[in-house]
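If you're wondering where the values come from, they're calculated on a predicted model, not measured in any experiment.
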Amino acid sequence: MALLVAVGACARDDADGTGAAGDGTLRIAVPSYPSSWDQDFVGFDPIALMLYKNVFPYLIDYGVTTVDGAEISDTENIIPTFAESFEPDAENRVWTLRLREGVTFASGNELTAHDVKWSKDRAFAAQANVAGIYRLIGLTEPDQVRVIDDYTVEFHQAFPSALTREIQAISLYVFDSQEAQEHATDDDPWASDWIAGNPPSGGYFRVESATQGQEVLLSRNPDYPGPDPAQIDQIRLTVVPAASNQRLQLQNGDIDVALGMSQRDVADLRELDGVAVISAPSNEQVAIQMSVETAPFDDVNVRKALAYAVPYEQIIANVYGGDARPVQSLVPLDMPGYDERGYPYTYDLDAARAALDEAGLDSVQAELVFETDNETQQQLAVLVQSEAAKVGIELELTPLDPGTLAERRNQKNIPLQITSGQMWVNDVEYLLATSLTEGAALNYSNYRNSEIEQIYEESHTVVDEAERNQLWLRVQELLAEDVPWAIICQPNFNLPVRDHVTGWVQPVDGLARLQHLSSSS
């Protein structure tokens, strides 16, 4: 765990106390402190993962596009940042990464092809996070990553893949290998202990200081070589765990941005002077996953009955205040291949009763699990419980703490559970890999369809977009028949800020790229 770099406490230095725009500093409240600085080995820690996107040198990243008037990540336009180019050969199997010359880490060491090689060797040697995801594009061995010269690296994939750019966009971060190796030991050849406790030396931002459990101060990297550099000189991230305290500090002008507030708190802030709520389309999906192996939802007609009993429009209106998009597929809106034939279920109690009758049942009982202390999920569960009861589906609401929820998921014995999340890679193949094929980590429905498994395997080597979309259409037809999830909606992302804050770009992976933020005052 982190042995953090020492830091002097960073007292507020804005003279008027109403915002840091005047001194070129934005103040952001975050709910937690990063659990480690080692990106290869961190678990699901959204604040740490968000910080990494800003302080690690990533060689490529998403561009920006506009949807419904808001700026979001452009997953079809992945651009070089610290790299000069990243291009495939004619067969899409060998990808050549060309680095910009003269780029340095904060240590003064030049970023070269040898840093890229060391970073990927480290991931393969320890079977770290990147090693797992590289399997999707046919990279499984260190010798598939080859240094050609000081500024050129080749990735030799076992097969061509349409996912390469997106997988590498989330994987091509680089360690300062010279500095790391100075801290390696015989017992720790990859310097894991040292890296975990010391912030990396710069992406869009550098870490000026970090106080364990309290604060991280970022400064604009003056040596960032690519397009779209950081717009603000400094960003101070302060840990404020309670949403109520974030709300109060934002209201009083003590912070400029609040990351980690509930829907209800955000709604209450909309009318306050000096506060704005930036809203952007998100690919976050909210669903009820139904276990296809657990009675009574092992019967597809019972699953259909529940799908017809969900009050979709009422949930969007009452739980999300209308600030969510309805969906007609388990494939998210804005994901290439989305087709409205993927989820033909609407709120229809007569159809729900008919489906239950088709199952030969008058009534069923089951528990509906959701996260404890999650106010949004609780509201959603109550509405579903009320409507489902009208057709004979009696639901016992069961809030679970994170530890118990993880244990129950491992035991695969939850008949119904509310889930929410977003894909880090905007592609159906990735959705299948993570959520809808046998053994997938997020497949809480224990779902398996032999034809989808076959399509998933076939898709690995299909790079033609039209051909892939035909595969995804068939996947959605099968999901419509099997209905392993009741898909609820895609809520918009809402960010409460002081009204001088501008430049938010909604990230496809939910991990904020802070370089876009600026101040209009």
Side-chain angles (χ1 to χ4, degrees), residues 37-40 52-61 78-126 128-131 133-134 137-158 164-165 167-184 188-192 194-195 198-207 220-230 515:
W37 290 104
D38 191 340
Q39 182 159 194
D40 271 346
Y52 299 157
K53 284 292 181 186
N54 295 281
V55 301
F56 266 93
Y58 271 80
L59 301 183
I60 60 176
D61 201 359
I78 294 175
I79 58 175
T81 53
F82 280 83
E84 184 175 282
S85 61
F86 181 58
E87 297 297 335
D89 68 354
E91 297 180 347
N92 281 291
R93 290 188 58 177
V94 178
W95 286 73
T96 300
L97 179 73
R98 179 73 184 172
L99 301 178
R100 301 174 193 271
E101 298 185 20
V103 176
T104 58
F105 294 100
S107 65
N109 297 325
E110 187 179 12
L111 193 164
T112 71
H114 305 286
D115 294 298
V116 179
K117 174 64 175 169
W118 187 87
S119 299
K120 302 314 156 195
D121 284 354
R122 182 180 196 260
F124 283 120
N129 296 341
V130 167
I133 199 166
Y134 267 174
I137 57 173
L139 293 173
T140 56
E141 302 293 337
D143 64 7
Q144 292 177 277
V145 183
R146 302 173 188 173
V147 172
I148 304 305
D149 58 40
D150 285 350
Y151 305 103
T152 309
V153 183
E154 287 182 351
F155 292 82
H156 291 250
Q157 298 178 184
T164 297
R165 290 187 194 277
I167 292 294
Q168 291 286 24
I170 63 176
S171 304
L172 268 176
Y173 53 87
V174 181
F175 292 95
D176 181 344
S177 65
Q178 291 186 58
E179 186 174 36
Q181 289 176 85
E182 291 173 2
H183 299 276
D188 184 14
W190 297 103
S192 296
W194 183 82
I195 289 175
N198 292 273
S201 57
Y204 295 109
F205 293 92
R206 291 176 174 171
V207 179
R220 173 168 34 201
N221 182 356
D223 298 323
Y224 172 73
D228 204 6
Q515 80 272 17

Within the structure provided, determine whether Gln39 and Asn129 are in side-chain contact (heavy-atom separation under 4.5 Å). no

Residue pairs passing the side chain to side chain donor-acceptor pair (under 3.5 Å) test with at least one member in residues 81-95, sequence neighbours excluded, are Glu87-Arg165

When every non-hydrogen atom of Thr96 is compared with those of Glu154, the smallest separation belongs to OG1-CG, 3.9 Å

What closest approach, in Å, do Val207 and Pro200 show between heavy atoms, and which atom pair accounts for it? CG2-O, 4.4 Å

Mutual orientation of the aromatic rings belonging to Tyr134 and Phe124 [parallel < 30°, tilted 30-60°, perpendicular > 60°]: tilted

Quick one: does Trp190's side chain get under 4.5 Å of Asp121's, heavy atoms only? yes

Give the minimum heavy-atom separation between Ala113 and Val153, together with the two atoms involved. CB-CG2, 3.4 Å

Any residue meeting side-chain contact (heavy atoms from CB on, under 4.5 Å) with Asn109, in chain and number order, not counting sequence neighbours: Phe105, Ser107, Asp176, Gln178, Glu179

Hits for ring-ring contact (aromatic ring centres under 6.0 Å, His included) against Tyr151, two or more places apart or cross-chain, chain-then-number order -> none

When every non-hydrogen atom of Phe82 is compared with those of Val103, the smallest separation belongs to CD2-CG1, 3.7 Å

In this structure, CG of Asp150 is separated from CD of Glu110 (nearest 0.5 Å) by 7.5 Å

Between Ile60 and Pro80, which heavy-atom pair has the shortest distance, and what is it? CG2-CA, 4.0 Å

How many angstroms lie between CD1 in Ile170 and CD1 in Ile133, if you round to the nearest 0.5 Å? 3.5 Å

State, with a plain yes or no, whether a side-chain heavy atom of Leu111 is found less than 4.5 Å away from one of Pro57. yes

Distance (rounded to the nearest 0.5 Å) between Ile137 CD1 and Gln168 CD: 4.5 Å

On a heavy-atom basis, the closest approach of Asp38 and Phe175 is OD1-CZ, 3.9 Å

Checking Gln515 side chain against Pro229 main chain: does a donor-acceptor pair fall under 3.5 Å? no

Can we say Arg98 and Asp149 salt-bridge, meaning some charged N sits less than 4.0 Å from an Asp/Glu carboxylate O? yes

Lys117 side chain to Pro142 main-chain N or O, any donor-acceptor pair under 3.5 Å? yes

All ring-ring contact (aromatic ring centres under 6.0 Å, His included) counterparts of Tyr58, not counting sequence neighbours: Tyr173

Stepwise side-chain contact (heavy atoms from CB on, under 4.5 Å) test for Phe205 and Asn221: CA-CA 5 Å; Phe205 293 92; Asn221 182 356; 5.7 Å; no

Between atom CD of Gln144 and atom CG of Leu139, what is the distance when rounded to the nearest 0.5 Å? 5.0 Å

With Arg122, which of Asp188, Asp115, Asp40 fulfils salt bridge (Lys or Arg N to Asp or Glu O under 4.0 Å)? Asp40

Once side-chain contact (heavy atoms from CB on, under 4.5 Å) is applied, do any residues pair with Thr104, and if so which ones, sequence neighbours excluded? Asp223

Partners of Pro227 by side-chain contact (heavy atoms from CB on, under 4.5 Å), sequence neighbours excluded? Ile79, Arg100, Tyr224

